[in-house]
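This report concerns only the one structure given below.
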Amino acid sequence: MRSFAFGAIILSALITLACSGTQRREAVDLPDFEQRVSLEKIWDHSIGDPRGGILSPVGWGNLVCGAAAYSVSCVNDQTGRKVHEIEFEQEISGALGVADAEVFLGGEEG
């Protein structure tokens, strides 16, 4: 059994070396492009500390909703003014989703 495992390791190493090759690819020039869209920041809004999590915001209608560790806030997408906020006792751990004018999320305790 030991010799089989050793043989498998050697075979894997040889396959890796054979596939790596020595051929280098030449760099290519990127094509020129015309800028068609320009972005301008019209507002920003902090919703709080996500406690190390990364929870992407979701949009619905004219609202943008985002989550911090223990709360969800929805702001107007034109003005950045807070429209709704709800706080929870358990930490939010799941990504936000929106359907039928309702915001869904996952918590540490389900």
Side-chain angles (χ1 to χ4, degrees):
M1 183 68 178
R2 213 170 168 209
S3 62
F4 177 75
F6 181 72
I9 291 171
I10 296 297
L11 181 62
S12 296
L14 289 174
I15 290 172
T16 302
L17 285 172
C19 292
S20 65
T22 59
Q23 185 178 7
R24 301 257 182 220
R25 294 183 185 198
E26 293 295 320
V28 296
D29 292 330
L30 295 176
D32 291 334
F33 68 95
E34 179 183 334
Q35 181 178 350
R36 297 181 186 171
V37 176
S38 62
L39 301 176
E40 178 184 344
K41 181 169 138 179
I42 56 174
W43 58 266
D44 66 11
H45 183 83
S46 175
I47 55 172
D49 182 10
R51 300 234 180 189
I54 299 174
L55 302 171
S56 298
V58 295
W60 182 78
N62 66 336
L63 295 178
V64 177
C65 301
Y70 292 94
S71 66
V72 173
S73 297
C74 295
V75 298
N76 181 289
D77 67 352
Q78 297 296 311
T79 64
R81 296 181 111 185
K82 189 185 300 181
V83 178
H84 303 289
E85 181 176 28
I86 186 168
E87 294 186 7
F88 300 96
E89 291 183 12
Q90 63 176 284
E91 190 167 356
I92 298 169
S93 62
L96 295 178
V98 65
D100 296 328
E102 295 182 318
V103 177
F104 298 90
L105 56 101
E108 286 284 315
E109 298 173 21

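Both backbone and side-chain heavy atoms feed into the values below; hydrogens, waters and symmetry mates do not.
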Trace of the side chain to side chain contact (heavy atoms under 4.5 Å, CB included) decision for Y70 with E89: CA-CA 7 Å; Y70 292 94; E89 291 183 12; over 6 Å; no

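- The main-chain N or O of E102 is never found under 3.5 Å from a side-chain atom of D100 such that the two would form a donor-acceptor pair.
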L63 vs H84, side chain to side chain contact (heavy atoms under 4.5 Å, CB included): CA-CA, chis, key distance, verdict: CA-CA 10 Å; L63 295 178; H84 303 289; 4.3 Å; yes

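- Counting only distance, with no hydrogens or angles, the side chain of Q90 and the backbone of E108 share a donor-acceptor pair below 3.5 Å.
- Taking both residues in full, the closest heavy atoms of H45 and G80 are given as ND1-O, 3.6 Å, listed atom of the first, atom of the second, then distance.
- Note that OG of S71 is 5.5 Å distant from CD of E87, once rounded to the nearest 0.5 Å.
- Taking the side-chain contact (heavy atoms from CB on, under 4.5 Å) definition, one finds that I92 meets it with L55, A67, V72, F88, L105, sequence neighbours left out.
- Note: the hydrophobic cluster containing I42 also contains V64 (ILVMFWY, side chain heavy atoms under 4.5 Å, direct or indirect links).
- Remark: the backbone N or O of D77 is paired with a side-chain donor or acceptor of W43 at under 3.5 angstrom.
- F104 and A99 get closest at one heavy-atom pair: CE1-O, 3.8 Å.
- For the atom pair CD1 of I86 and SG of C65, the computed distance is 11.5 Å after rounding to the nearest 0.5 Å.
- Taking all atoms of both residues into account, the shortest heavy-atom contact from V103 to L96 is CG1-CD2, 4.1 Å.
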